Asks: 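Please find one structure pasted underneath; my questions will follow.
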There are 2 protein chains.
Amino acid sequence: MPNAKPAKVVAIGESVGPQVYRILRERIIQAELLPGERLSESDAAKSLSVSRQPVREAFIKLSEEGLVQVLPQRGTFVTKISVASVMDVRFVREAIEADIVRLVAEGHAPETIAELRRQLAEQRKVPHDDRAAFLRLDELFHHTLAAAAGKAYAWSVIESVKAQMDRVRFLSVDDLHIGRLIEQHERIVDGIAAGDKAAAEEAIRLHLREILTSLPEIARSRAELFDDTE
Amino acid sequence: MPNAKPAKVVAIGESVGPQVYRILRERIIQAELLPGERLSESDAAKSLSVSRQPVREAFIKLSEEGLVQVLPQRGTFVTKISVASVMDVRFVREAIEADIVRLVAEGHAPETIAELRRQLAEQRKVPHDDRAAFLRLDELFHHTLAAAAGKAYAWSVIESVKAQMDRVRFLSVDDLHIGRLIEQHERIVDGIAAGDKAAAEEAIRLHLREILTSLPEIARSRAELFDDTE
DNA sequence: AATGCTTGACTTGTATGGTAGTAGGTTAGT
DNA sequence: ACTAACCTACTACCATACAAGTCAAGCATT
(Lines give C-alpha, C1' and ligand atoms only; values in the text may rest on other atoms or scores of the structure.)
Protein backbone atom coordinates (compact mmCIF):
# COMPACT_ATOMS: atom_id res chain seq x y z
CA MET A 1 0.00 0.00 0.00
CA PRO A 2 2.09 2.87 -1.27
CA ASN A 3 1.71 6.09 0.64
CA ALA A 4 -1.82 5.43 1.69
CA LYS A 5 -2.77 7.98 4.30
CA PRO A 6 -4.80 6.13 6.90
CA ALA A 7 -7.62 8.03 8.48
CA LYS A 8 -6.24 7.38 11.92
CA VAL A 9 -2.59 6.48 12.12
CA VAL A 10 -2.24 6.58 15.86
CA ALA A 11 -3.02 3.64 18.07
CA ILE A 12 -4.47 3.47 21.50
CA GLY A 13 -2.53 2.79 24.67
CA GLU A 14 0.04 5.51 24.24
CA SER A 15 0.00 9.24 23.98
CA VAL A 16 -0.23 10.66 20.51
CA GLY A 17 2.77 12.95 20.75
CA PRO A 18 5.43 10.23 21.08
CA GLN A 19 3.75 8.23 18.34
CA VAL A 20 3.92 11.13 15.92
CA TYR A 21 7.53 11.60 16.94
CA ARG A 22 8.46 8.04 16.09
CA ILE A 23 6.62 8.08 12.80
CA LEU A 24 8.32 11.25 11.61
CA ARG A 25 11.68 10.16 12.97
CA GLU A 26 11.52 6.92 11.03
CA ARG A 27 10.55 8.75 7.85
CA ILE A 28 13.45 11.13 8.17
CA ILE A 29 16.00 8.41 8.91
CA GLN A 30 14.82 6.36 5.98
CA ALA A 31 15.08 9.40 3.72
CA GLU A 32 11.38 9.28 3.04
CA LEU A 33 11.34 12.87 4.17
CA LEU A 34 14.27 14.46 2.41
CA PRO A 35 16.76 16.92 3.88
CA GLY A 36 15.68 20.47 3.18
CA GLU A 37 12.04 19.46 2.86
CA ARG A 38 9.57 21.75 4.51
CA LEU A 39 7.28 20.40 7.18
CA SER A 40 4.33 22.12 8.72
CA GLU A 41 2.56 21.46 11.96
CA SER A 42 -0.82 21.77 10.28
CA ASP A 43 0.02 19.60 7.29
CA ALA A 44 1.49 16.83 9.40
CA ALA A 45 -1.48 17.09 11.75
CA LYS A 46 -3.93 16.75 8.89
CA SER A 47 -2.14 13.85 7.27
CA LEU A 48 -1.96 11.98 10.56
CA SER A 49 -5.47 12.95 11.61
CA VAL A 50 -4.43 14.50 14.90
CA SER A 51 -4.30 18.03 16.16
CA ARG A 52 -1.40 20.38 15.87
CA GLN A 53 -0.43 20.06 19.50
CA PRO A 54 1.06 16.55 19.53
CA VAL A 55 2.72 17.28 16.22
CA ARG A 56 4.30 20.33 17.75
CA GLU A 57 5.66 18.28 20.62
CA ALA A 58 7.10 15.83 18.11
CA PHE A 59 8.73 18.66 16.18
CA ILE A 60 10.36 19.95 19.35
CA LYS A 61 11.80 16.56 20.15
CA LEU A 62 13.01 16.07 16.60
CA SER A 63 14.69 19.45 16.70
CA GLU A 64 16.51 18.51 19.90
CA GLU A 65 17.78 15.46 18.07
CA GLY A 66 18.89 17.68 15.21
CA LEU A 67 16.63 16.03 12.66
CA VAL A 68 14.59 19.13 11.98
CA GLN A 69 15.12 22.82 12.43
CA VAL A 70 12.28 24.94 13.72
CA LEU A 71 12.33 28.54 12.60
CA PRO A 72 9.65 30.50 14.45
CA GLN A 73 7.05 32.02 12.20
CA ARG A 74 8.92 30.72 9.20
CA GLY A 75 8.65 26.98 9.08
CA THR A 76 10.12 23.68 10.08
CA PHE A 77 12.61 21.97 7.81
CA VAL A 78 14.24 18.59 7.71
CA THR A 79 17.88 19.30 8.43
CA LYS A 80 20.41 18.42 5.83
CA ILE A 81 22.86 15.79 6.90
CA SER A 82 26.07 17.30 8.12
CA VAL A 83 29.35 15.43 7.96
CA ALA A 84 30.43 17.32 11.06
CA SER A 85 27.31 16.27 12.96
CA VAL A 86 27.76 12.66 11.98
CA MET A 87 31.33 12.74 13.22
CA ASP A 88 30.19 14.41 16.44
CA VAL A 89 27.69 11.71 17.33
CA ARG A 90 30.10 9.04 16.15
CA PHE A 91 32.66 10.28 18.64
CA VAL A 92 30.17 10.13 21.49
CA ARG A 93 29.02 6.71 20.48
CA GLU A 94 32.53 5.34 20.24
CA ALA A 95 33.41 6.67 23.68
CA ILE A 96 30.39 5.08 25.34
CA GLU A 97 30.49 1.77 23.52
CA ALA A 98 34.21 1.38 24.11
CA ASP A 99 33.63 1.44 27.85
CA ILE A 100 30.65 -0.85 27.49
CA VAL A 101 32.68 -3.45 25.64
CA ARG A 102 35.41 -3.27 28.25
CA LEU A 103 32.82 -4.17 30.86
CA VAL A 104 31.47 -7.02 28.80
CA ALA A 105 34.99 -8.36 28.24
CA GLU A 106 35.65 -8.09 31.95
CA GLY A 107 32.62 -10.21 32.71
CA HIS A 108 32.99 -12.51 29.68
CA ALA A 109 29.85 -14.35 30.77
CA PRO A 110 29.45 -17.61 28.83
CA GLU A 111 25.77 -17.02 28.07
CA THR A 112 26.56 -13.59 26.66
CA ILE A 113 29.27 -14.98 24.44
CA ALA A 114 26.98 -17.74 23.26
CA GLU A 115 24.27 -15.24 22.40
CA LEU A 116 26.70 -13.04 20.51
CA ARG A 117 28.04 -15.98 18.51
CA ARG A 118 24.49 -17.01 17.72
CA GLN A 119 23.88 -13.52 16.37
CA LEU A 120 27.05 -13.69 14.30
CA ALA A 121 25.74 -16.84 12.63
CA GLU A 122 22.50 -15.05 11.81
CA GLN A 123 24.38 -12.11 10.40
CA ARG A 124 26.28 -14.39 8.05
CA LYS A 125 23.03 -15.74 6.72
CA VAL A 126 21.79 -12.35 5.56
CA PRO A 127 21.90 -11.93 1.78
CA HIS A 128 24.40 -9.29 0.82
CA ASP A 129 21.79 -7.12 -0.80
CA ASP A 130 19.35 -7.03 2.11
CA ARG A 131 20.67 -3.92 3.76
CA ALA A 132 17.68 -3.35 6.06
CA ALA A 133 17.91 -6.84 7.50
CA PHE A 134 21.58 -6.49 8.31
CA LEU A 135 21.10 -3.06 9.87
CA ARG A 136 18.48 -4.56 12.15
CA LEU A 137 20.87 -7.31 13.24
CA ASP A 138 23.70 -4.81 13.67
CA GLU A 139 21.47 -2.70 15.89
CA LEU A 140 20.57 -5.79 17.89
CA PHE A 141 24.23 -6.72 18.26
CA HIS A 142 25.22 -3.39 19.76
CA HIS A 143 22.15 -3.30 21.93
CA THR A 144 22.97 -6.74 23.24
CA LEU A 145 26.44 -5.59 24.21
CA ALA A 146 24.99 -2.72 26.21
CA ALA A 147 22.46 -4.98 27.86
CA ALA A 148 25.15 -7.50 28.75
CA ALA A 149 27.09 -4.74 30.46
CA GLY A 150 23.98 -3.76 32.39
CA LYS A 151 24.05 -0.34 30.79
CA ALA A 152 20.51 0.09 29.54
CA TYR A 153 20.60 3.79 30.24
CA ALA A 154 23.83 4.30 28.32
CA TRP A 155 22.21 2.57 25.38
CA SER A 156 19.24 4.89 25.55
CA VAL A 157 21.64 7.81 25.30
CA ILE A 158 23.23 6.26 22.24
CA GLU A 159 19.85 5.67 20.69
CA SER A 160 18.80 9.25 21.18
CA VAL A 161 21.96 10.39 19.52
CA LYS A 162 22.70 8.03 16.71
CA ALA A 163 19.87 9.07 14.39
CA GLN A 164 22.33 11.19 12.46
CA MET A 165 24.48 8.14 11.80
CA ASP A 166 21.54 5.99 10.85
CA ARG A 167 20.52 8.46 8.18
CA VAL A 168 23.87 8.01 6.50
CA ARG A 169 23.83 4.25 6.75
CA PHE A 170 20.53 4.22 4.92
CA LEU A 171 22.15 5.97 2.02
CA SER A 172 24.98 3.53 1.51
CA VAL A 173 24.43 2.51 -2.05
CA ASP A 174 26.95 -0.25 -2.41
CA ASP A 175 26.93 -3.60 -0.67
CA LEU A 176 27.69 -1.94 2.68
CA HIS A 177 30.72 -4.22 2.98
CA ILE A 178 28.57 -6.51 5.09
CA GLY A 179 31.33 -9.10 5.12
CA ARG A 180 33.83 -6.67 6.53
CA LEU A 181 31.41 -5.49 9.21
CA ILE A 182 30.73 -9.04 10.31
CA GLU A 183 34.46 -9.68 10.55
CA GLN A 184 34.73 -6.69 12.86
CA HIS A 185 31.88 -8.04 14.95
CA GLU A 186 33.76 -11.31 15.20
CA ARG A 187 36.88 -9.62 16.45
CA ILE A 188 34.84 -7.87 19.11
CA VAL A 189 33.33 -11.12 20.28
CA ASP A 190 36.72 -12.82 20.16
CA GLY A 191 38.16 -10.16 22.40
CA ILE A 192 35.28 -10.54 24.81
CA ALA A 193 35.54 -14.31 24.85
CA ALA A 194 39.25 -14.08 25.55
CA GLY A 195 38.57 -11.62 28.35
CA ASP A 196 40.96 -9.28 26.57
CA LYS A 197 39.54 -5.87 27.39
CA ALA A 198 42.05 -3.92 25.34
CA ALA A 199 41.57 -6.05 22.24
CA ALA A 200 37.79 -5.90 22.47
CA GLU A 201 37.86 -2.15 22.97
CA GLU A 202 40.17 -1.60 20.05
CA ALA A 203 37.98 -3.83 17.89
CA ILE A 204 34.79 -1.88 18.53
CA ARG A 205 36.55 1.43 18.11
CA LEU A 206 37.73 0.34 14.69
CA HIS A 207 34.28 -0.96 13.91
CA LEU A 208 32.63 2.33 14.80
CA ARG A 209 35.16 4.21 12.71
CA GLU A 210 34.13 2.23 9.66
CA ILE A 211 31.55 4.85 8.74
CA LEU A 212 34.34 7.35 8.29
CA THR A 213 35.65 5.48 5.27
CA SER A 214 32.39 5.60 3.37
CA LEU A 215 31.13 8.96 4.60
CA PRO A 216 33.10 11.25 2.29
CA GLU A 217 32.08 9.29 -0.76
CA ILE A 218 28.42 9.31 0.23
CA ALA A 219 28.56 13.02 0.95
CA ARG A 220 29.99 13.58 -2.49
CA SER A 221 27.63 11.39 -4.44
CA ARG A 222 24.53 12.64 -2.61
CA ALA A 223 25.68 16.20 -2.08
CA GLU A 224 22.15 17.56 -2.29
CA LEU A 225 21.31 15.81 0.98
CA PHE A 226 24.29 17.24 2.82
CA ASP A 227 24.87 20.58 4.39
CA ASP A 228 28.63 20.89 4.48
CA THR A 229 29.75 23.06 1.62
CA GLU A 230 32.82 21.50 0.17
CA MET B 1 13.43 39.43 47.67
CA PRO B 2 12.52 36.05 49.08
CA ASN B 3 10.14 34.02 46.99
CA ALA B 4 8.51 37.02 45.42
CA LYS B 5 6.44 35.84 42.51
CA PRO B 6 6.93 38.38 39.75
CA ALA B 7 3.94 39.11 37.60
CA LYS B 8 5.88 38.15 34.52
CA VAL B 9 8.88 35.90 35.00
CA VAL B 10 9.63 35.31 31.38
CA ALA B 11 11.69 37.65 29.27
CA ILE B 12 11.33 38.59 25.67
CA GLY B 13 13.51 37.35 22.86
CA GLU B 14 13.03 33.66 23.50
CA SER B 15 10.13 31.31 23.54
CA VAL B 16 8.43 30.79 26.85
CA GLY B 17 8.65 27.01 26.88
CA PRO B 18 12.44 26.74 27.12
CA GLN B 19 12.51 29.49 29.71
CA VAL B 20 10.06 27.65 31.91
CA TYR B 21 12.13 24.53 31.41
CA ARG B 22 15.31 26.19 32.62
CA ILE B 23 13.63 27.80 35.59
CA LEU B 24 12.13 24.55 36.80
CA ARG B 25 15.29 22.59 36.04
CA GLU B 26 17.34 24.95 38.15
CA ARG B 27 14.87 24.74 41.00
CA ILE B 28 14.93 20.97 40.95
CA ILE B 29 18.71 20.72 40.79
CA GLN B 30 19.10 23.15 43.66
CA ALA B 31 16.61 21.16 45.69
CA GLU B 32 14.26 24.10 45.83
CA LEU B 33 11.67 21.75 44.44
CA LEU B 34 12.02 18.61 46.50
CA PRO B 35 11.92 15.03 45.27
CA GLY B 36 8.43 13.65 45.53
CA GLU B 37 6.87 17.08 45.35
CA ARG B 38 3.81 17.38 43.20
CA LEU B 39 3.80 19.78 40.30
CA SER B 40 0.85 20.76 38.20
CA GLU B 41 0.64 22.32 34.79
CA SER B 42 -1.93 24.81 35.97
CA ASP B 43 -0.17 25.74 39.19
CA ALA B 44 3.18 26.27 37.54
CA ALA B 45 1.48 28.23 34.76
CA LYS B 46 -0.25 30.50 37.24
CA SER B 47 2.85 31.11 39.34
CA LEU B 48 4.89 31.96 36.24
CA SER B 49 2.10 33.93 34.62
CA VAL B 50 2.09 31.92 31.44
CA SER B 51 -0.34 29.49 29.92
CA ARG B 52 -0.36 25.79 30.49
CA GLN B 53 1.00 24.95 27.08
CA PRO B 54 4.62 26.07 27.47
CA VAL B 55 4.64 24.55 30.94
CA ARG B 56 3.56 21.28 29.46
CA GLU B 57 6.42 21.39 26.98
CA ALA B 58 8.80 22.07 29.84
CA PHE B 59 7.41 19.13 31.79
CA ILE B 60 7.96 16.85 28.83
CA LYS B 61 11.57 17.90 28.49
CA LEU B 62 12.15 17.55 32.21
CA SER B 63 10.68 14.09 32.13
CA GLU B 64 13.04 13.09 29.32
CA GLU B 65 15.87 14.21 31.54
CA GLY B 66 14.46 12.13 34.37
CA LEU B 67 13.89 15.09 36.65
CA VAL B 68 10.13 14.69 36.82
CA GLN B 69 7.75 11.86 36.22
CA VAL B 70 4.53 12.51 34.36
CA LEU B 71 1.66 10.22 35.26
CA PRO B 72 -1.23 10.79 32.86
CA GLN B 73 -4.41 11.92 34.55
CA ARG B 74 -2.67 11.67 37.91
CA GLY B 75 -0.05 14.32 38.22
CA THR B 76 3.56 15.28 37.66
CA PHE B 77 6.08 14.67 40.41
CA VAL B 78 9.67 15.60 40.99
CA THR B 79 11.53 12.32 40.78
CA LYS B 80 13.40 11.15 43.78
CA ILE B 81 17.10 10.91 43.29
CA SER B 82 18.15 7.39 42.45
CA VAL B 83 21.60 6.07 43.22
CA ALA B 84 21.29 3.82 40.20
CA SER B 85 20.46 6.75 37.93
CA VAL B 86 23.35 8.79 39.22
CA MET B 87 25.71 5.93 38.52
CA ASP B 88 24.21 5.48 35.08
CA VAL B 89 24.86 9.05 34.00
CA ARG B 90 28.23 9.01 35.71
CA PHE B 91 29.27 6.07 33.56
CA VAL B 92 28.28 7.87 30.39
CA ARG B 93 30.01 11.01 31.47
CA GLU B 94 33.22 9.21 32.32
CA ALA B 95 33.26 7.44 28.97
CA ILE B 96 32.85 10.65 27.00
CA GLU B 97 35.18 12.81 29.03
CA ALA B 98 37.88 10.17 29.05
CA ASP B 99 38.05 10.30 25.27
CA ILE B 100 37.89 14.08 25.33
CA VAL B 101 40.87 14.31 27.65
CA ARG B 102 42.82 11.92 25.47
CA LEU B 103 42.29 14.29 22.57
CA VAL B 104 43.34 17.30 24.60
CA ALA B 105 46.48 15.51 25.77
CA GLU B 106 47.24 14.57 22.21
CA GLY B 107 47.10 18.17 21.16
CA HIS B 108 48.63 19.58 24.36
CA ALA B 109 48.23 23.07 22.93
CA PRO B 110 50.17 25.60 25.00
CA GLU B 111 47.31 28.11 25.17
CA THR B 112 44.97 25.41 26.43
CA ILE B 113 47.38 24.37 29.13
CA ALA B 114 47.89 27.99 30.15
CA GLU B 115 44.14 28.53 30.40
CA LEU B 116 43.69 25.40 32.48
CA ARG B 117 46.47 26.38 34.86
CA ARG B 118 44.93 29.82 35.18
CA GLN B 119 41.67 28.16 36.17
CA LEU B 120 43.47 25.99 38.70
CA ALA B 121 44.78 29.13 40.37
CA GLU B 122 41.28 30.52 40.55
CA GLN B 123 39.98 27.31 42.01
CA ARG B 124 42.54 27.48 44.80
CA LYS B 125 41.35 30.94 45.72
CA VAL B 126 37.80 29.79 46.41
CA PRO B 127 36.97 29.71 50.14
CA HIS B 128 36.36 26.18 51.28
CA ASP B 129 32.80 26.92 52.33
CA ASP B 130 31.68 28.50 49.07
CA ARG B 131 30.38 25.38 47.43
CA ALA B 132 28.42 27.14 44.67
CA ALA B 133 31.46 29.11 43.54
CA PHE B 134 33.61 25.99 43.28
CA LEU B 135 30.94 24.07 41.41
CA ARG B 136 30.79 26.86 38.86
CA LEU B 137 34.55 26.70 38.36
CA ASP B 138 34.46 22.93 38.18
CA GLU B 139 31.81 23.14 35.51
CA LEU B 140 33.90 25.64 33.61
CA PHE B 141 36.97 23.40 33.88
CA HIS B 142 35.26 20.41 32.32
CA HIS B 143 33.60 22.56 29.70
CA THR B 144 36.96 24.03 28.79
CA LEU B 145 38.39 20.56 28.27
CA ALA B 146 35.59 19.69 25.88
CA ALA B 147 35.99 22.96 24.01
CA ALA B 148 39.75 22.44 23.74
CA ALA B 149 39.09 19.07 22.16
CA GLY B 150 36.71 20.68 19.70
CA LYS B 151 33.88 18.57 21.04
CA ALA B 152 31.14 21.10 21.71
CA TYR B 153 28.47 18.61 20.78
CA ALA B 154 29.81 15.96 23.13
CA TRP B 155 29.66 18.51 25.90
CA SER B 156 26.05 19.29 25.10
CA VAL B 157 25.29 15.61 25.51
CA ILE B 158 26.98 15.60 28.88
CA GLU B 159 25.09 18.70 29.93
CA SER B 160 21.77 17.19 29.01
CA VAL B 161 22.61 14.14 31.05
CA LYS B 162 24.42 15.29 34.13
CA ALA B 163 21.51 16.95 35.91
CA GLN B 164 21.14 13.86 38.06
CA MET B 165 24.73 14.21 39.22
CA ASP B 166 24.38 17.91 39.88
CA ARG B 167 21.44 17.30 42.18
CA VAL B 168 23.63 15.14 44.37
CA ARG B 169 26.52 17.56 44.36
CA PHE B 170 24.20 20.24 45.66
CA LEU B 171 23.44 18.09 48.65
CA SER B 172 27.01 17.52 49.75
CA VAL B 173 26.90 18.87 53.23
CA ASP B 174 30.54 18.73 54.19
CA ASP B 175 33.38 20.73 52.69
CA LEU B 176 33.08 18.81 49.43
CA HIS B 177 36.77 17.93 49.74
CA ILE B 178 37.51 20.89 47.52
CA GLY B 179 41.21 20.43 48.09
CA ARG B 180 41.13 16.85 46.90
CA LEU B 181 39.13 17.77 43.80
CA ILE B 182 41.59 20.49 42.87
CA GLU B 183 44.44 18.02 43.24
CA GLN B 184 42.67 15.75 40.80
CA HIS B 185 42.27 18.63 38.39
CA GLU B 186 45.98 19.27 38.66
CA ARG B 187 46.80 15.70 37.78
CA ILE B 188 44.60 15.96 34.71
CA VAL B 189 46.35 19.11 33.57
CA ASP B 190 49.74 17.61 34.32
CA GLY B 191 48.94 14.63 32.16
CA ILE B 192 47.80 16.91 29.36
CA ALA B 193 50.87 19.13 29.64
CA ALA B 194 53.10 16.08 29.48
CA GLY B 195 51.23 14.82 26.45
CA ASP B 196 50.65 11.62 28.39
CA LYS B 197 47.28 10.47 27.14
CA ALA B 198 47.05 7.46 29.39
CA ALA B 199 47.89 9.42 32.52
CA ALA B 200 45.45 12.20 31.73
CA GLU B 201 42.71 9.72 30.97
CA GLU B 202 43.28 7.80 34.17
CA ALA B 203 43.28 11.05 36.12
CA ILE B 204 39.90 12.22 34.86
CA ARG B 205 38.40 8.77 35.31
CA LEU B 206 39.45 8.81 38.94
CA HIS B 207 38.15 12.34 39.27
CA LEU B 208 34.74 11.45 37.92
CA ARG B 209 34.56 8.46 40.22
CA GLU B 210 34.96 10.73 43.21
CA ILE B 211 31.20 11.11 43.54
CA LEU B 212 30.98 7.39 44.23
CA THR B 213 32.75 7.81 47.54
CA SER B 214 30.33 10.36 48.93
CA LEU B 215 27.16 9.10 47.26
CA PRO B 216 26.29 6.29 49.67
CA GLU B 217 26.69 8.55 52.67
CA ILE B 218 24.52 11.27 51.15
CA ALA B 219 21.89 8.74 50.19
CA ARG B 220 21.83 7.51 53.76
CA SER B 221 21.74 10.87 55.47
CA ARG B 222 19.12 12.30 53.12
CA ALA B 223 17.19 9.12 52.53
CA GLU B 224 13.90 10.96 52.11
CA LEU B 225 15.21 12.48 48.87
CA PHE B 226 16.28 9.15 47.41
CA ASP B 227 14.32 6.49 45.71
CA ASP B 228 16.44 3.39 46.16
CA THR B 229 15.04 1.35 48.97
CA GLU B 230 17.91 0.23 51.07
C1' DA C 1 9.74 50.34 -16.43
C1' DA C 2 11.24 50.22 -11.84
C1' DT C 3 10.56 50.64 -7.08
C1' DG C 4 8.10 50.79 -2.77
C1' DC C 5 4.10 49.61 -0.16
C1' DT C 6 0.17 47.02 1.00
C1' DT C 7 -2.17 42.90 1.61
C1' DG C 8 -3.10 38.25 2.42
C1' DA C 9 -1.84 33.59 3.01
C1' DC C 10 1.15 31.21 5.22
C1' DT C 11 4.24 29.96 9.58
C1' DT C 12 5.09 28.89 14.70
C1' DG C 13 3.96 30.47 19.50
C1' DT C 14 0.54 31.03 23.16
C1' DA C 15 -3.91 30.72 25.45
C1' DT C 16 -8.08 28.38 26.43
C1' DG C 17 -11.86 25.07 26.06
C1' DG C 18 -13.33 20.31 26.38
C1' DT C 19 -12.61 15.20 27.55
C1' DA C 20 -11.32 10.99 29.77
C1' DG C 21 -9.45 9.18 33.65
C1' DT C 22 -7.87 8.99 38.56
C1' DA C 23 -8.21 9.55 43.64
C1' DG C 24 -10.21 10.52 47.77
C1' DG C 25 -13.88 11.95 50.60
C1' DT C 26 -18.75 11.31 51.50
C1' DT C 27 -22.95 9.20 51.75
C1' DA C 28 -26.12 5.47 51.45
C1' DG C 29 -26.93 0.76 52.48
C1' DT C 30 -26.26 -3.24 55.23
C1' DA D 1 -20.13 0.44 62.95
C1' DC D 2 -18.47 -1.10 58.58
C1' DT D 3 -18.50 -1.60 53.70
C1' DA D 4 -19.35 -0.16 49.14
C1' DA D 5 -20.91 2.80 45.65
C1' DC D 6 -21.04 7.38 44.17
C1' DC D 7 -19.60 12.11 43.50
C1' DT D 8 -16.62 15.89 43.31
C1' DA D 9 -12.36 17.92 42.42
C1' DC D 10 -8.55 17.40 40.58
C1' DT D 11 -5.01 15.61 36.66
C1' DA D 12 -2.74 15.42 32.00
C1' DC D 13 -4.03 15.06 27.14
C1' DC D 14 -5.95 16.66 22.95
C1' DA D 15 -8.29 20.02 20.08
C1' DT D 16 -9.18 24.56 18.81
C1' DA D 17 -8.97 29.61 18.85
C1' DC D 18 -6.17 33.63 18.83
C1' DA D 19 -1.87 36.38 18.34
C1' DA D 20 2.40 37.77 16.20
C1' DG D 21 5.68 37.42 12.77
C1' DT D 22 7.41 36.24 7.83
C1' DC D 23 7.36 36.32 2.99
C1' DA D 24 5.97 36.84 -1.53
C1' DA D 25 2.90 38.53 -4.94
C1' DG D 26 0.68 42.31 -6.91
C1' DC D 27 -0.79 46.92 -7.14
C1' DA D 28 0.10 51.82 -6.88
C1' DT D 29 3.15 55.43 -7.38
C1' DT D 30 7.03 57.67 -9.27
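Being a predicted model, the structure only gives us computed values, none of them experimental. First the proteins, then the strands, lettered A, B, ... as listed; each starts at 1.
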Asks: Using OP1 and OP2 only, check whether a side-chain N or O of A/Ser15 sits under 4.0 Å from D/dA12.
Replies: no
Asks: Determine: side-chain N/O of B/Ser51 to OP1/OP2 of C/dT16, distance under 4.0 Å, yes or no.
Replies: no
Asks: Tell me every residue that passes salt bridge (Lys or Arg N to Asp or Glu O under 4.0 Å) with A/Glu111, counting only those two or more places apart in sequence or in another chain.
Replies: none
Asks: Only counting residues at least two apart or in another chain, list the ones meeting side chain to side chain contact (heavy atoms under 4.5 Å, CB included) with A/Ala133.
Replies: A/Val126, A/Asp130, A/Arg136
Asks: Whole angstrom is fine here: how far is it from CZ in B/Arg38 over to C1' in D/dA12?
Replies: 11 Å
Asks: Taking side-chain contact (heavy atoms from CB on, under 4.5 Å) as the criterion, tell me which of B/Leu208, B/Val101, B/Ile158 meets it with B/His142.
Replies: B/Leu208
Asks: For B/Ser42 and D/dC10, is the shortest distance between a side-chain N/O and OP1 or OP2 below 4.0 Å?
Replies: no
Asks: Can you check the B/Leu48 CG to C/dA15 P distance for me, whole Å?
Replies: 11 Å
Asks: Roughly, in whole Å, what's the span from CZ in A/Arg52 to P in D/dT16?
Replies: 12 Å
Asks: Could you work out, with salt bridge (Lys or Arg N to Asp or Glu O under 4.0 Å) as the rule, every residue matching A/Arg118, not counting sequence neighbours?
Replies: A/Glu115, A/Glu122
Asks: Under 4.0 Å from OP1 or OP2 of D/dC14: is there any side-chain N or O of B/Arg56 that close?
Replies: yes
Asks: Does B/Glu65 come within less than 4.0 Å of B/Lys61, counting only side-chain N to carboxylate O?
Replies: no
Asks: With sequence neighbours left out, which residue pairs that include part of residues 42-100 of chain B fulfil the ring-ring contact (aromatic ring centres under 6.0 Å, His included) condition?
Replies: none
Asks: Can you check the A/Lys46 NZ to C/dT11 C1' distance for me, whole Å?
Replies: 13 Å
Asks: Please give me every residue in residues 60-81 of chain A whose heavy atoms get under 4.0 Å of an atom in DNA chain D, ordered by residue number.
Replies: A/Gln73, A/Arg74
Asks: Restricting to pairs with a member in residues 68-81 of chain A, which pass side chain to side chain donor-acceptor pair (under 3.5 Å), not counting sequence neighbours?
Replies: A/Thr79-A/Arg167
Asks: Which whole-number value in Å describes the distance from B/Phe59 CZ to D/dT11 P?
Replies: 10 Å
Asks: B/Asp43 CG to D/dA12 P: how many Å, rounded?
Replies: 8 Å
Asks: Pick the closest DNA chain D nucleotide for B/Glu41 and for B/Gln53 by heavy atoms, then say which residue is nearer the 5' end.
Replies: B/Glu41
